[in-house]
2 protein chains.
Amino acid sequence: MLKLSKKVEYGLMALLHMDSLEPGSLVTAKEVSDQFAIPSELLGKVLQALARASLVESVHGARGGYRLKQSLDTLTLGEVVDALEGPFHLVRCHENPATCDQFESCNIREPVLQIQDRLMGYLSAFRLAEFRSKRPAVAGKR
Amino acid sequence: MLKLSKKVEYGLMALLHMDSLEPGSLVTAKEVSDQFAIPSELLGKVLQALARASLVESVHGARGGYRLKQSLDTLTLGEVVDALEGPFHLVRCHENPATCDQFESCNIREPVLQIQDRLMGYLSAFRLAEFRSKRPAVAGKR
DNA sequence: GTATATACGACCTTTTTAGTCTGCTTTCAA
DNA sequence: TTGAAAGCAGACTAAAAAGGTCGTATATAC
């Protein structure tokens, strides 16, 4: 209920991590999964989904890996959620009214839609660069 | 993922319905469940939770039922969510860090907390009266 | 005292989420 | 040219949460 999924958490952690690396350098799913104690197969799927959505770029084969394709300055939380969970719907009936037993009698449809729009607007306005600025500055070489 | 639960939906529907009745009049869980095609036992639990949280008042025994205890002008979406789902946490680790395998290495804790605070602020600022104003006006007697 | 209603807890079922496994394709480099 | 390292894809399983049901106790009107 109103929770972020592990997929989104993992995706954000990976994106933030990539942002902290030398620009353009590759990192493998295994390296990230080791660093953050994430199951590697699962993180692999997450990164693949981010690649399909062009948030990251994947390089196949040995010595391959992933790198950011967009700056965190332009990436938003909404894009990450959309890439990993699909279009955002606050209630099931907006996706598929047929499954809702209350559809006919429903007296909250319009206002819920309005809330959804505002939440979505917030997610789409939240730039991932804001994640970066909150962490302690990392001194030294990179 | 970032969905409203059926409990919250049912609670909102019931609250809105009560608001449309003669002020002070009682309505039973059965009546509401019939009107909105909600399983009555489930709606019963929802209304009981709303009563525990003092959003509605319950009257026991024959001819009993529920009525609003607060005006929708003062009730907020945040209160309803809190009454029916408990304190709002965007990620599990805010409730129980022990269950999070990524707790040590996590690089997104602070920003996620910030997002949660803003979402919570939004929920708490959203007055249920706004639900009312969006419905078609009901002409005639009440 | 009986019918009607809320209250509450235990339970069951279904759906969703999280994680695993198997096998493939692509690429580098020895 | 071949083996290891990596991404890719889908099926599968396990665990957790959500949704729903049932039984029973308690309160109240008539």
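In what follows, chains carry the letters A, B, and so on, assigned in the order in which the sequence lines appear, proteins first and then strands, with residues in each chain numbered from 1. Excluded from the calculations below are hydrogen atoms, water molecules and symmetry mates; all remaining heavy atoms, backbone and side chain alike, are included.
- The nearest whole Å value for the distance from the CD atom in A/Gln102 to the C1' atom in D/dG20 is 12 Å.
- Comparing atom distances between the A/Gln48 side chain and each of D/dA9, C/dT20, D/dA27 picks out D/dA9 as nearest.
- Across the interface with DNA chain D, nearest-nucleotide mapping of B/Lys6 and A/Ser58 shows A/Ser58 to be the residue nearer the 5′ end.
- Here B/Thr28 does not reach the OP1 or OP2 of C/dT4: none of its side-chain N or O atoms lies under 4.0 Å away.
- Comparing C/dT6, C/dC28, D/dA9 by their closest approach to the side chain of A/Ala62 singles out C/dC28.
- Among the atoms of the strands shown, none is found under 4.0 Å from any heavy atom of A/Ala51.
- As a whole-Å value, the separation of B/Arg63 CZ from C/dT2 C1' is 15 Å.
- Among the heavy atoms of the strands, none lies under 4.0 Å from A/Lys30.
- Atoms CD (A/Glu57) and P (D/dA6) sit 17 Å apart, rounded to a whole Å.
- Across every non-hydrogen atom of B/Lys3 and A/Met1, the tightest pair is O-SD, 3.5 Å.
- Which of C/dA7, D/dC8, D/dC22 sits closest to the side chain of B/Glu41 comes down to D/dC22.
- Side-chain N or O atoms of B/Gln70 include one that pairs as donor or acceptor with a backbone N or O of B/Ser54 at under 3.5 Å.
- Both B/Ala29 and A/Gly61 lie close to DNA chain C; mapped to their nearest nucleotides by heavy-atom distance, the more 5′-ward contact belongs to B/Ala29.
- In this structure, A/Glu85 contributes its side chain and A/Asp82 its backbone to no donor-acceptor pair below 3.5 Å.
- Looking at A/Lys6 and B/Gln102, their side chains come closer than 4.5 Å, going by heavy atoms from C-beta outward.
- On a pure distance criterion of 3.5 Å, a polar donor-acceptor pair joins the side chain of A/Lys45 and the base of D/dG10.
- Per the geometry, CG belonging to A/Asn96 stands 13 Å off P belonging to C/dT15, to the nearest Å.
- At whole-Å resolution of the value, CD in A/Glu95 and C1' in C/dT16 are 12 Å apart.
- Applying the 4.0 Å criterion to OP1 and OP2 of C/dT17, one finds that A/Tyr10 has every side-chain N and O outside that range.
- Cation-pi check for B/Arg109 over B/Phe103 is met; the charged atom lies under 6.0 angstrom from the ring centroid and within 45 degrees of its normal.
- B/Leu50 places its CG atom 13 Å from the P atom of C/dC8, with the value rounded to the nearest Å.
- Residue-to-nucleotide proximity on DNA chain D shows that, of B/Glu9 and A/Leu47, the 5′-proximal contact is made by A/Leu47.
- For B/Arg92 and D/dA17, the shortest distance from a side-chain N or O to OP1 or OP2 is below 4.0 Å.
- Contact check, A/Arg52 against D/dA9: a side-chain N or O comes under 4.0 Å of OP1 or OP2.
- To the nearest angstrom, P of D/dA9 lies 16 Å from CG of A/Leu42.
- Applying the 3.5 Å distance criterion, the base of D/dG20 shares no donor-acceptor pair with the side chain of B/Lys7.
- Relative to the side chain of B/Tyr66, the nucleotides C/dT17, C/dT6, C/dG19 differ in distance, and C/dT6 lies closest.
- A salt bridge links B/Asp19 with B/Arg132: the closest approach of a Lys/Arg side-chain nitrogen to an acidic carboxylate oxygen falls below 4.0 angstrom.
- OP1 or OP2 of D/dC8 lies within a sub-4.0 Å distance of a side-chain N or O belonging to A/His60.
- Using a 4.0 Å heavy-atom criterion, one finds that A/Gly44 contacts no nucleic acid atom at all.
- Taking atom CE on B/Met13 and atom P on D/dG19, their separation rounds to 14 Å, with Å as the unit.
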